[in-house]
Amino acid sequence: MFKKILIANRGEIAVRIIRACRELGVSTVAVYSDADRRSLHVALADEAYHIGGSAPGESYLKKENVIDAARKSGAEAVHPGFGFLSENAEFAEMCEKAGIVFIGPTPEAIRLMGDKITARKIAYDAKVPLVPGSEGAVSDVEASVVAGEVGYPLMIKASAGGGGKGMRLVRSKEDFESALRMARSEARSAFGDESVYVERFVEQPRHIEIQLIADSYGNVLHLFERECSIQRRHQKVIEEAPSGFISAKTRKKMGDVAVKIAKAVKYKGAGTIEFIMDQKQNFYFLEMNTRVQVEHPVTEMITGFDIVKWMIRIAAGEKLPFKQGDIKMNGHAVECRVYAEDPGTNFMPSPGTIEYLSTPSGPGIRDDSAIYNGCEITSFYDPMLSKLIVWADTREAAIDKMASALREYIVLGVKTNIGFLRRVMADEEFRQCKIDTGYIERHPELISPGERDLRPALIAAAIAMENSTASGPQSQTAAASSWKLFARRSGIMRSPLA
Amino acid sequence: MFKKILIANRGEIAVRIIRACRELGVSTVAVYSDADRRSLHVALADEAYHIGGSAPGESYLKKENVIDAARKSGAEAVHPGFGFLSENAEFAEMCEKAGIVFIGPTPEAIRLMGDKITARKIAYDAKVPLVPGSEGAVSDVEASVVAGEVGYPLMIKASAGGGGKGMRLVRSKEDFESALRMARSEARSAFGDESVYVERFVEQPRHIEIQLIADSYGNVLHLFERECSIQRRHQKVIEEAPSGFISAKTRKKMGDVAVKIAKAVKYKGAGTIEFIMDQKQNFYFLEMNTRVQVEHPVTEMITGFDIVKWMIRIAAGEKLPFKQGDIKMNGHAVECRVYAEDPGTNFMPSPGTIEYLSTPSGPGIRDDSAIYNGCEITSFYDPMLSKLIVWADTREAAIDKMASALREYIVLGVKTNIGFLRRVMADEEFRQCKIDTGYIERHPELISPGERDLRPALIAAAIAMENSTASGPQSQTAAASSWKLFARRSGIMRSPLA
Amino acid sequence: MTYTFKLNDRIFKITLEESDGQIEVEIDGEKIPVDYKKIEDNLYSIILDGRSVTLGVFKKGKKIQVFLDGDLYDLESISEREQRKSSLAASGVQEIKAPMPSRVVKVLKSEGDEVKRDEGVVVIEAMKMESELKSPIAGKVRNVMAKEGDAIETGTVLMVVASDTPPAE
Amino acid sequence: MTYTFKLNDRIFKITLEESDGQIEVEIDGEKIPVDYKKIEDNLYSIILDGRSVTLGVFKKGKKIQVFLDGDLYDLESISEREQRKSSLAASGVQEIKAPMPSRVVKVLKSEGDEVKRDEGVVVIEAMKMESELKSPIAGKVRNVMAKEGDAIETGTVLMVVASDTPPAE
């Protein structure tokens with residue numbers, strides 16, 4: 001095992017990795033930007049080195065600075081976390097050259113899976129399903145042939161496209177010809193290029209992914225799936241393991257093809273194969289993430305397998321002592337990403353200072369975060385405050401637990417999506433697992449709390465005003481006289497205000 | 001299921017029960033004493049009622065006040081937690097009479113197991129091993145007969161005894177007669193009564209207990225054992241599940257006899273049979289606790305079984321849907337009780353105000369507590385601040401995780417045993433599971449940190465002094481110039497101070 | 001003492017009286033006894049007729065953030081005079097400002113364009129996400145300062161919108 | 001500025017200098033550059049030559065609690081004069097006081113009894129536990145105020161112990 005590891009990241013994932021290292025008896029080295037001197041990952045690490053300015057490009061993305069810090073501290077390995085340099089093949093190579101172990105796959109594997117076209121080719125060769133359609137641009141004749149193969153509904157998309165221009169959803173054969181004409185014409189006027197391709201339209205798509213772990217000896221295991229269909233702005237908000245939707249048979253099929261892809265590129269370390277799935281459990285390869293994923297904890301909760309620790313062990317040359325059959329699923333885990341954002345204004349980030357923080361705890365509750373009372377959420381980095389993860393024996397119980405845990409979450413100073421998350425947990429469609437990537441857009445009623453009894457808020461505000469004057473009721477004792485008042489009054493507090 | 005439950009307790013167990021209720025969709029009613037108006041259980045409950053003065057006898061032990069609050073709030077059931085009224089048969093009866101469900105066993109079962117002599121008789125009838133010895137006082141002749149049966153080493157104890165007077169440890173037959181003479185003479189002069197009894201001396205005893213859960217339909221399951229051998233002042237400090245010491249065979253035997261005892265008294269709800277065990281895995285019945293136990297979380301962590309929720313479900317008339325064979329053990333859990341106490345002065349309680357608090361979190365870590373920044377630890381109640389519980393796949397990994405978690409625990413304002421706990425986690429004997437109830441006394445070197453580099457503490461203290469003057473370095477920026485300084489100096493910080 | 005709070009477009013009045021160490025509040029003509037205790041500096045516990053409510057409260061000048069049941073409410077304590085003024089805020093001239101350091105991705109409206117209330121007018125990017133800034137009033141775009149690609153600071157005025165009707169007096 | 005701290009019986013001197021926004025401290029004649037930042041009000045981060053140390057610090061007047069690596073250190077900032085006085089504290093007359101509201105369970109020493117340093121003299125019970133109070137000095141019991149069964153408050157003097165040797169000057 002390594003003696004010292006540098007964590008080339010910040011925020012909760014840096015903290016997560018530091019904790020894993022400590023438990024393995026490994027010393028930790030943090031790096032930090034100007035904005036992060038007071039950050040928790042610096043406070044928790046054994047050593048800390050400043051690597052530059054607040055903008056990621058001036059620090060966390062500066063490969064040389066990270067390598068310098070590793071050299072200075074004598075770290076034998078670097079864990080890149082996610083984002084920043086985690087999928088940067090060049091950085092992985094620089095580490096190798098500097099004699100520092102990059103905790104992740106080979107630069108070669110990062111490169112292969114980092115290129116979408118190559119990755120699709122690898123998946124295709126491994127007989128992994130891709131969204132059916134034409135490979136690249138097609139003529140009118142080819143288009144109608146492919147359409148016949150793909151079936152309806154399908155999408156016609158401009159090759160040069162983006163932003164919905166030159167894109168047409170076709171629901172039946174009758175509409176195909178006219179839709180193709182319109183798509184070409186729109187593409188021509190929008191991009192000056194009328195080439196289009198044809199692809200099956202996945203209705204109400206779900207995002208389901210397979211967690212992989214592979215050692216350097218050719219052993220590749222999958223740790224079942226995660227469902228990450230609840231998204232806003234194409235970013236995951238709520239993740240679960242296992243999916244409440246797929247069958248054991250589908251699970252096995254997905255796991256098997258995911259392992260195949262990893263074997264095709266001699267993958268090592270932790271990785272994830274992302275799939276899109278329709279409501280009939282047909283699934284199609286999207287991409288591979290060659291790093292640890294934000295939502296890895298839900299997999300850890302249902303398998304008891306510590307993904308981050310195993311990434312480190314594997315990088316240190318250890319062999320996986322398990323076979324696929326040894327990995328068991330138990331219960332259900334849900335993760336909510338708590339963001340500093342305002343759901344009311346299309347989930348716009350809400351940077352600022354955390355003026356007060358109270359986080360949930362108790363049985364089956366895990367809060368992976370790097371925030372604290374008084375910390376600053378700057379606009380330099382991601383606005384994710386914390387990942388709240390719960391485990392319970394069933395999906396229903398896990399959702400109930402999450403709902404209960406969210407009740408203990410209090411954040412002042414920045415807006416958060418906590419209220420929104422609470423409403424999702426109470427929503428019938430979510431509870432029945434009727435979810436897809438359009439869920440949030442389909443449920444604008446969850447954005448705001450609607451009418452509720454605001455009297456406690458007004459009373460609190462009035463007390464705060466009163467307290468700020470000298471004569472206020474600073475800290476009234478729990479007088480026995482409350483008894484009388486309680487007795488005198490009853491049942492008057494039920495009706496919502498206004 | 002109940003709609004509303006009153007929690008007749010305070011502190012972390014009240015919070016634990018409130019969380020369980022919330023997850024079950026049950027409204028919660030807190031009760032509080034004068035000293036507890038600001039307590040977390042009041043803040044987290046849906047309703048809260050004041051029940052009297054700060055001393056337990058004026059509030060939490062006042063049966064009528066608790067029942068009044070239940071009536072007033074319309075609670076259908078009362079969860080007593082542990083301590084206070086939890087093993088009070090009369091209170092359970094009063095609840096029954098008031099038409100309120102007491103969440104626990106019948107008053108009858110509480111009474112039977114609450115009386116030591118009756119409990120021993122029940123265990124004896126159920127063929128559960130008792131510490132071998134004479135039942136009551138013996139003559140010289142009887143004594144030597146019993147000694148022959150019991151074997152050596154054995155204890156001669158004064159019937160009227162206490163405080164070690166009239167007590168003799170006998171290691172071999174040759175010493176028996178003279179020891180008996182001396183014990184009688186000591187007993188006579190100390191208590192005016194020379195009666196003695198004879199009992200096997202359990203050397204290096206371990207405290208091992210079996211968790212039970214029983215429904216109202218005669219189903220009794222055991223949830224394996226907990227080892228609670230690390231004690232100070234006869235109070236548990238560190239608990240584990242499973243025991244790192246016993247064999248699967250012993251586990252099964254203990255579980256079986258525990259279930260027998262519970263069946264003998266038609267037990268329902270959660271309960272614990274406590275055993276004393278020698279270093280050869282011989283175990284003897286000590287007593288039964290007819291309530292939830294402080295250390296229940298370690299069992300929850302290795303079984304995934306939520307004991308508190310099941311207590312509630314059982315009281316609501318639900319049937320256990322499991323058979324013994326369905327309950328599986330997985331991994332290892334350790335609990336540390338964090339106390340406000342000073343290990344340096346024989347673990348004397350250290351009441352006061354929590355001036356600052358930082359608690360651990362992350363994968364596999366559970367902190368059951370009711371403390372917060374600014375809360376008061378009064379001398380009215382137990383000085384336990386929190387139960388820190390961890391889970392990992394092996395005992396070794398769990399201890400490493402606990403050691404790592406304890407590093408994140410910071411408490412200012414009151415003295416705690418955190419440093420002591422950290423040293424236990426690092427101790428070789430503890431790590432090798434060479435533990436018994438004399439462990440703490442045997443390891444005075446763990447009490448204080450010994451020599452360490454105190455420079456950071458002195459620097460921090462100096463900065464605090466400087467900051468309290470106007471011109472101090474309030475919040476120095478992480479200047480790039482640090483770089484130069486780091487570069488200029490190296491390797492000078494290694495030697496411990498003085 | 002009576003306080004007037006503004007929350008979005010709504011005005012609330014609350015009177016707080018203390019006697020015998022007990023607080024009584026009056027809201028909407030109803031008098032309610034309140035058992036109040038500060039748990040921490042920013043955490044209040046209120047017991048109303050047995051019901052226990054715990055709230056986060058952060059006061060900065062006249063602005064008070066209250067965290068109630070998962071949602072953050074931005075209240076503002078206002079005087080009688082401010083109350084009259086505030087009821088006019090929904091008309092008049094409004095500046096669209098950058099809420100944080102960001103980059104202008106797209107300017108959706110040009111000078112003279114009609115805008116509806118809550119219609120998106122500028123798209124900015126910050127923290128790796130695009131956000132749409134909306135017009136708080138219906139009216140016409142009077143000025144456009146934002147240019148696509150601009151790096152902007154908190155408070156930079158990006159656009160000015162004027163309501164169709166001149167502010168009433 | 002130079003500070004003198006007392007920790008149990010030991011005295012530490014530390015000099016703190018600030019220049020160019022950088023702190024340099026001198027302990028035991030060694031100068032050390034310190035990169036310091038307050039994380040929260042009571043949480044300090046110190047980086048010494050790359051080593052990151054995070055400490056809890058609570059100051060109340062001249063008493064400073066520092067939480068370092070699991071243990072709480074009670075430091076006291078003292079002046080030169082106090083330093084001289086404090087070196088005599090181990091001798092002289094010492095009062096044994098109740099550290100918290102409690103009950104006297106047992107008085108272990110009588111007037112005139114010899115006591116060793118750190119020998120238990122009174123047993124009290126608080127928070128359901130018995131605790132032994134110890135004599136901070138070796139000497140003779142001069143007065144016994146405590147009576148078994150007494151309910152006592154924080155600070156109640158239970159016993160007075162005088163050292164054998166009269167306080168040096």
Side-chain angles (χ1 to χ4, degrees), chain B residues 233 235 341 345-351 355-356 358 379-383 406-407 409-413 415-416 418-423 448-449 452 454-468 473-479 481-482 485-486 488-493 497-498, chain D residues 1 3 5 7 10 12 14-16 18 20-23 25 27-28 30 32-38 40-44 46-51 53-60 62 64-73 75 77 99-102 126-134:
Chain B
R233 303 161 168 276
Q235 241 189 344
E341 66 183 16
T345 56
N346 196 21
F347 300 96
M348 174 147 50
S350 170
E355 300 290 353
Y356 177 77
S358 174
S379 51
F380 293 113
Y381 314 112
D382 192 87
L406 285 167
R407 286 179 61 175
Y409 225 123
I410 301 180
V411 179
L412 289 168
K415 293 215 182 240
T416 68
I418 294 168
F420 170 75
L421 294 168
R422 286 178 62 163
R423 288 182 283 278
S448 79
R452 64 158 59 135
L454 290 176
R455 285 177 302 184
L458 297 171
I459 293 168
I463 292 170
M465 290 299 294
E466 194 97 352
N467 275 355
S468 66
Q474 277 302 333
S475 185
Q476 177 214 345
T477 53
S481 62
S482 315
L485 289 161
F486 292 155
R488 229 171 56 210
R489 312 181 60 93
S490 67
I492 59 164
M493 300 302 297
L497 185 78
Chain D
M1 177 94 190
Y3 299 97
F5 294 109
L7 172 64
R10 293 158 73 185
F12 299 93
I14 172 169
T15 302
L16 200 139
E18 200 190 352
D20 298 338
Q22 194 66 28
I23 300 179
V25 300
I27 307 178
D28 285 349
E30 190 185 17
I32 310 163
V34 175
D35 183 34
Y36 148 75
K37 198 96 178 174
K38 195 185 268 191
E40 296 184 56
D41 268 353
N42 294 100
L43 194 67
Y44 291 12
I46 289 173
I47 302 182
L48 299 167
D49 190 34
R51 188 164 63 123
V53 184
T54 305
L55 310 94
V57 181
F58 172 60
K59 179 178 174 298
K60 200 173 181 180
K62 302 186 140 207
I64 299 160
Q65 285 190 342
V66 179
F67 188 95
L68 172 66
D69 275 347
D71 296 288
L72 194 68
Y73 293 90
L75 297 161
S77 170
M100 70 192 84
S102 42
M127 299 170 100
K128 294 193 288 176
M129 282 192 222
E130 294 193 357
S131 310
E132 217 176 62
L133 303 181
K134 293 167 179 175

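Atoms considered below: every heavy atom in the structure, side chains included; atoms not considered: hydrogens, waters and symmetry mates.
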Turns out that what part of B:Arg407 lies under 4.5 Å from chain D's heavy atoms comes down to neither

Closest heavy-atom pair, B:Ala457 versus D:Leu68, reported as atoms and distance to 0.1 Å, is CB-CD2, 4.1 Å

Closest heavy-atom pair, D:Val57 versus B:Ala464, reported as atoms and distance to 0.1 Å, is CG1-CB, 3.8 Å

Counting heavy-atom pairs under 4.5 angstrom with chain B, the leader among D:Ile64, D:Asp71, D:Val66 is D:Asp71

B:Ile459 versus D:Leu48: any side-chain heavy-atom pair under 4.5 Å? yes

Rounded to the nearest 0.5 Å, the NZ atom of D:Lys59 sits from the CD atom of B:Glu355 at a distance of 13.0 Å

So, the part of D:Phe5 with a heavy atom under 4.5 Å from chain B: the answer is side chain

One should read off an interatomic distance between D:Glu132 CD and B:Met348 CE, to the nearest 0.5 angstrom, of 9.5 Å

To the nearest 0.5 Å, atom CZ of B:Arg452 lies from atom OH of D:Tyr73 at 3.5 Å

Rounding to 0.5 Å, atoms CG (B:Leu458) and CG (D:Leu55) come to a distance of 10.0 Å

| Is there a side-chain contact between D:Arg51 and B:Pro456 (heavy atoms, below 4.5 Å)? | yes

Rounding to 0.5 Å, atoms CD1 (D:Ile14) and CE (B:Met465) come to a distance of 11.5 Å

Quiz item: Passes side-chain contact (heavy atoms from CB on, under 4.5 Å), D:Leu72 versus B:Thr416? Steps please.
Solution: CA-CA 8 Å; D:Leu72 194 68; B:Thr416 68; over 6 Å; no

Here the pair of heavy atoms bringing D:Gly70 nearest to B:Arg422 is N-NH1, 3.3 Å

Ranking D:Lys134, D:Glu40, D:Lys62 by heavy-atom pairs under 4.5 Å to chain B gives rank one to D:Glu40

Cut-off 4.5 Å, heavy atoms of chain D, and the answer for B:Ile410 is both

Pair count under 4.5 Å, heavy atoms only, with chain B: among D:Ile46, D:Leu7, D:Thr15, highest is D:Ile46

So CZ of B:Arg423 and CG of D:Asp69: to nearest 0.5 Å the spacing works out to 10.0 Å

For D:Ile32, is there any backbone N or O sitting under 3.5 Å from a side-chain donor or acceptor partner on B:Arg455? no

Of all heavy-atom pairs linking D:Lys38 and B:Asn467, the shortest is CE-ND2, 3.7 Å

Checked B:Ile418, B:Leu421, B:Leu406 vs chain D; the most non-hydrogen pairs under 4.5 Å come from B:Ile418

Ranked by heavy-atom pairs below 4.5 Å to chain B, first place among D:Gly56, D:Ser102, D:Pro99 goes to D:Gly56

Here the pair of heavy atoms bringing D:Phe67 nearest to B:Tyr409 is CE2-O, 3.1 Å

